[in-house]
Structures are given as C-alpha cells and as structure tokens.
Peer 1: 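Before I ask anything, let me first share the structure, which is written out below as structure tokens.
Counting starts at 1 for both ligands and their atoms, in listed order.
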Amino acid sequence: MSDAFWQRLVPVLPRVAEHFGTPFHIYDVQGVRDTAEGVNQAFRGLDFREYFAVKAQPNPRILRILADHGFGFDCSSIAELVAARAAGAVGDDISFTSNNTSSEELVAALAADAIITVDDETVVDKLVAMRARPRSVCFRVHPGRSASVQNMHLGGAESSKFGIRIDRLHGVVAKARQLGANTYGLHVMLGSHLKTPDSFLRNLDLLLDTALRLRDETGVRIDFVNLGGGIGIPYRLEEQEFDLAGLAAGVRDRVTTFARDHAWHLRVLFESGRYVTGPHGVLVTRVLNRMTKWREIVGVDCGMNGLIRPGMYPDAYHHVSVLDGEGRELETVDVVGSMCENNDKLAIQRVLPRTVEGDLLLVHDTGAHALSQTYTYGGRLRPQELLLHPDGDVERIRRAETVEDYFATLRCDADRLTTAVVLR
Ligand SMILES: *Cc1c(COP(=O)(O)O)cnc(C)c1O
C-alpha cells in the first residue's frame, strides 16, 4: 500500500465504514492509473503490450480503467473472457492462456478472436479437429529442470502441470502450422511474486534461442514473446519495490540486439496481475471479538471469505494496520475470521496495537489475488468491493454476497433420469 493511498483513504475511512458497513475491499483508482502508466512508460520505445491477468482482479470496473491505459487482458476461463469483453476488449486485446483446456473454452476464445496460448499438444489437436483458424497462436513452454527460478508455486519440472516440455516443442509447433495463424508467439511463466528481474531475463534468453531453433527446424517464425506474469510487490514494509526499470532495460537490450543480429522484430507481452493492482486494494474489517485462548485472538468480521492467501500459502504475508492505533500498547495476536478452519487467519503471531471490539483493521495489498481467490465454506459469504475515486468519492462496484446467492444454484430445472435400475 502506497503512502499516497494511505493519505487518501485514512481520513475518509470511518465515514466509508459507517456508510457502506464492513467488511469491504476498497481499491484506489489513482494508484491503479499511476502503476498502469508506469508500466507503459518503463517499456516505451519497445513494441510492448501488457495483458492484465484477469484472475488477479476480475471486476470489469477495474478492467475498464486498465483498458483506458491500452492494456489487453489475459483470460484463463470463459468467465474471464466475459469479464474482459464487458470491459470492451475484442480480438487481440485478449490473450487466452488456459490450462487443461476444454473444447468449450476454445470455442469461446475463438469466438472472441483472441490470441490462443497453447499449454499442451492436446490444445492443437482440438483446434485442428475444430478446423479452427485462430488469428494468433502462442506456445507456453516449460524449460524443464535446467531453469532455476526463485519460487516454484507453478511447479518445478517434475511436478508442473503447466506448459509444453521444451524437448517436445518442435513437434507441437510443426503440427500447429496447419492452423494457418497470422502470427506465432512463445510464452513462459514459471513463478509468481518474483522479487528480481533475473529469472524473467533468463527466460527471455531461452525464448530467443528457442525462436531461432524453431525457425531452422520448423520454418515457423516467432512474432512475439510473452514473459507471463509474476512480478512481485513489497507485501512487507521492509521489502523493496521490484526493479521494473531494470527489467525493462534488460528486455530492451536483448530484443534490440536480437533485432540487429537477426533482422528480426519481436513484440513483447507481459501478463502481470499482482504488480498492477495488488498494492492498490485494502481489506477493511472490524473487530468482533477479543478472545483469550492459548494465545490472544482478535476475531474480525472477514476471514478467508475475503482473503485466502495467508491461509493457503505458508509464506504469504499481508501487513495489518489498526485505524487510530498509534500510541497504543503493543501485543502479539492472531487475527482470525469465523470459518471453521484453523487456517482462517489473516495474521499469525503479529505484533499489533492493542485492539478493542469495533476497531477497524486495514489488511494491506488486497488489490490482486484477494477476493477472486476466495471461497464460501461454511456459508461465510464474500464481502463487497468499493472504489475510491481521485475526487474522494467512494462507489460500490460489487455488493456483498447474500444467503440468497449462497442457495441460488438450488433453483434449477427439474430433471430426473429414470435408469430402471432397482435398488434393493
Ligand atoms: C496468474 C497468471 C498471471 C498473473 O500472475 P501475477 O503473479 O499476478 O503477475 C499471468 N499469466 C498466467 C498464465 C497466470 O496463470
């Protein structure tokens, strides 16, 4: 969370909480715009486009802001295609990067005229069977054990479900030629929340080598490289901002050298999610109960139904602030929600100002992979989403779920199959 967002939010927060009720995620329009501009500025001079990863923040209101800055959208499901189209995206504004892809999804991506990122040979087989003519086909590569990355959320070579094995790429590309796409690309994404540019640049080197090999072996000329998402943000106060300028300089250097040496122009795509919106959201939740168990517990009105990262990834951290907590005595607490799961914790053994019932807590950096990742186990419903406009107005852009929503799927068409199997 930036100081500027803090300055904009904190003075109005009590009134916002009073008016809309808690809990809520609130997103800072100015911050999102500033970061979007910063990304475009960093890569200026290159043939570059950012395709925002919709799964990080699928609210079409936010997507529309990003579209204003020229961003395309990276979608991985039919619902995300719907969200991107609701934000006005068409054709090569959309890159469809799915995995374990169904024919139905491919039909939807083709209908949107999206760039199709092939995660497996079976996708090419399905496209061929459909006699599809995608505008653009991109191949997601998994380089295997040789590629060292800083984290392995997406699986090392032995365990990953993502991407085409690099030693099989040639065959998949050769087969895909019959699709007759106008342009071809190479994609790689191995990790998320990476802290430095080096693994992106190593991956780019790999893609450039691979492009040369593919030209020689298959005659397919690669038009663009997609370096995926994965740029990290400083969740902890002591962490540094990601060196975006360093990343852009490294990319520029490699792509210009490649152009000079091989007379070969390459377009560069990224699919960042977290970096673009992550720091520009805050989960605001109210203290319901102060409890003494074997440790001190602060029970708040939102848990994994609003933010699951700390419960799901052992190393995930979100900073927590107590509104008007300055000057209070400090204590070590767990901040918990109401779900019947002991991992339903927003913070574990955290030093916080001493809280009382009714206090407002700010859980920082919930602009990406927050609400979109939640679930509603035990009937714990998802909170609302608000937008903080640069003029200080606050607008509801998604309502909280209701008990009616929870039971909505019980209303379904009557359908009973008679199998004539008599159970005795
Ligand atoms: C999740 C994902 C992204 C976005 O990742 P961030 O870490 O949010 O930048 C981009 N591309 C693909 C294929 C993804 O699965």
Peer 1: Looking only at distances, can you tell me whether any N or O atom of Thr97, backbone or side chain, sits closer than 3.5 Å to an N or O atom of ligand 1?
Peer 2: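 In this structure, Thr97 places no N or O atom under 3.5 Å from an N or O of ligand 1.
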Peer 1: Does the side chain of Thr97 pick up a donor-acceptor pair with the side chain of Glu271 at under 3.5 Å?
Peer 2: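 Indeed, the side chains of Thr97 and Glu271 share at least one donor-acceptor pair under 3.5 Å.
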Peer 1: Atom 12 (C) of ligand 1: which of Glu271, His369, Arg274 has the nearest heavy atom?
Peer 2: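 Ranked by closest heavy atom to atom 12 (C) of ligand 1, first place is Glu271.
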Peer 1: Sub-3.5 Å donor-acceptor pair from the side chain of Gln30 to the main-chain atoms of Ala4, do we have one?
Peer 2: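 The answer is no, because no donor-acceptor pair under 3.5 Å joins these two groups.
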Peer 1: Any idea which heavy atoms bring Ala17 and Thr22 closest together, and the distance?
Peer 2: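 For Ala17 and Thr22, the tightest heavy-atom pair comes out as CB-CG2, 4.0 Å.
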Peer 1: Would you check the N or O atoms of His187, main chain and side chain alike, for any that come under 3.5 Å of an N or O of ligand 1?
Peer 2: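 Not met; the criterion fails.
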Peer 1: Closer than 4.0 Å to some heavy atom of Arg140 - which atoms of ligand 1 meet that?
Peer 2: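 Close to Arg140: 13 (C).
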Peer 1: Is it the case that ligand 1 has an N or O less than 3.5 angstrom from some N or O of Met189?
Peer 2: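 It does not: no N or O of Met189 is found under 3.5 Å from an N or O of ligand 1.
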Peer 1: Any chance you could lay out the side-chain hydrogen bond (donor to acceptor under 3.5 Å, both in side chains) test for Gln384 and Arg396, step after step, and finish with the verdict?
Peer 2: CA-CA 7 Å; Gln384 60 193 325; Arg396 180 182 281 137; 2.9 Å; yes
Peer 1: So, do Arg286 and Leu288 sit near enough that their side-chain heavy atoms are less than 4.5 Å apart?
Peer 2: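 No, too far: nothing below the 4.5 Å cut-off.
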Peer 1: Hey, are Ser321 and His364 close enough side-chain-wise for a donor-acceptor pair under 3.5 Å?
Peer 2: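 A pair is found: one side chain offers a donor N or O, the other an acceptor, under 3.5 Å apart.
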Peer 1: If you count the atoms of ligand 1 from 1 in the order shown, which ones are under 4.0 Å from a heavy atom of Gly273?
Peer 2: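 Those atoms are 4 (C), 6 (P), 8 (O), 9 (O).
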Peer 1: Numbering the atoms of ligand 1 from 1, which are under 4.0 Å from a heavy atom of Ala53?
Peer 2: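 Selected atoms, number and element: 3 (C), 4 (C), 10 (C).
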Peer 1: Is the closest basic N to carboxylate O distance between Asp405 and Arg399 below 4.0 Å?
Peer 2: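 Between Arg399 and Asp405 there is a salt bridge, with a charged N closer than 4.0 Å to a carboxylate O.
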Peer 1: Under a 4.0 angstrom heavy-atom cut-off, which atoms of ligand 1 come close to Asp74?
Peer 2: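 Listed by number with element: 10 (C), 11 (N), 12 (C).
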Peer 1: Cation over ring, Arg61 on Tyr27, under 6.0 Å and within 45°?
Peer 2: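 The answer is no; the distance or angle limit is not met.
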Peer 1: Quick one: does His193 get an N or O within less than 3.5 Å of an N or O on ligand 1?
Peer 2: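 No: no nitrogen or oxygen of His193 is under 3.5 Å from one in ligand 1.
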Peer 1: What atoms of ligand 1 come closer than 4.0 angstrom to any heavy atom of Ser272?
Peer 2: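 Counting from 1, the qualifying ligand atoms are 9 (O).
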Peer 1: Between ligand 1 and Tyr275, is the shortest N or O to N or O distance under 3.5 Å?
Peer 2: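 No; the residue has no nitrogen or oxygen that sits under 3.5 Å from a nitrogen or oxygen of the ligand.
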Peer 1: Quick check: does any side chain N or O of Asp334 sit under 3.5 Å from a backbone N or O of Ile297, one acting as donor and the other as acceptor?
Peer 2: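 Here the side-chain-to-backbone pair does not exist.
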Peer 1: Below 3.5 Å, N or O to N or O, backbone or side chain included: is there any such pair between Gly230 and ligand 1?
Peer 2: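 Yes: some nitrogen or oxygen of Gly230 is under 3.5 Å from one in ligand 1.
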Peer 1: Polar contacts were defined as any N/O atom of the residue lying under 3.5 Å from an N/O atom of the ligand; does this apply to Lys55 and ligand 1?
Peer 2: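 Yes; at least one N/O pair falls below 3.5 Å.
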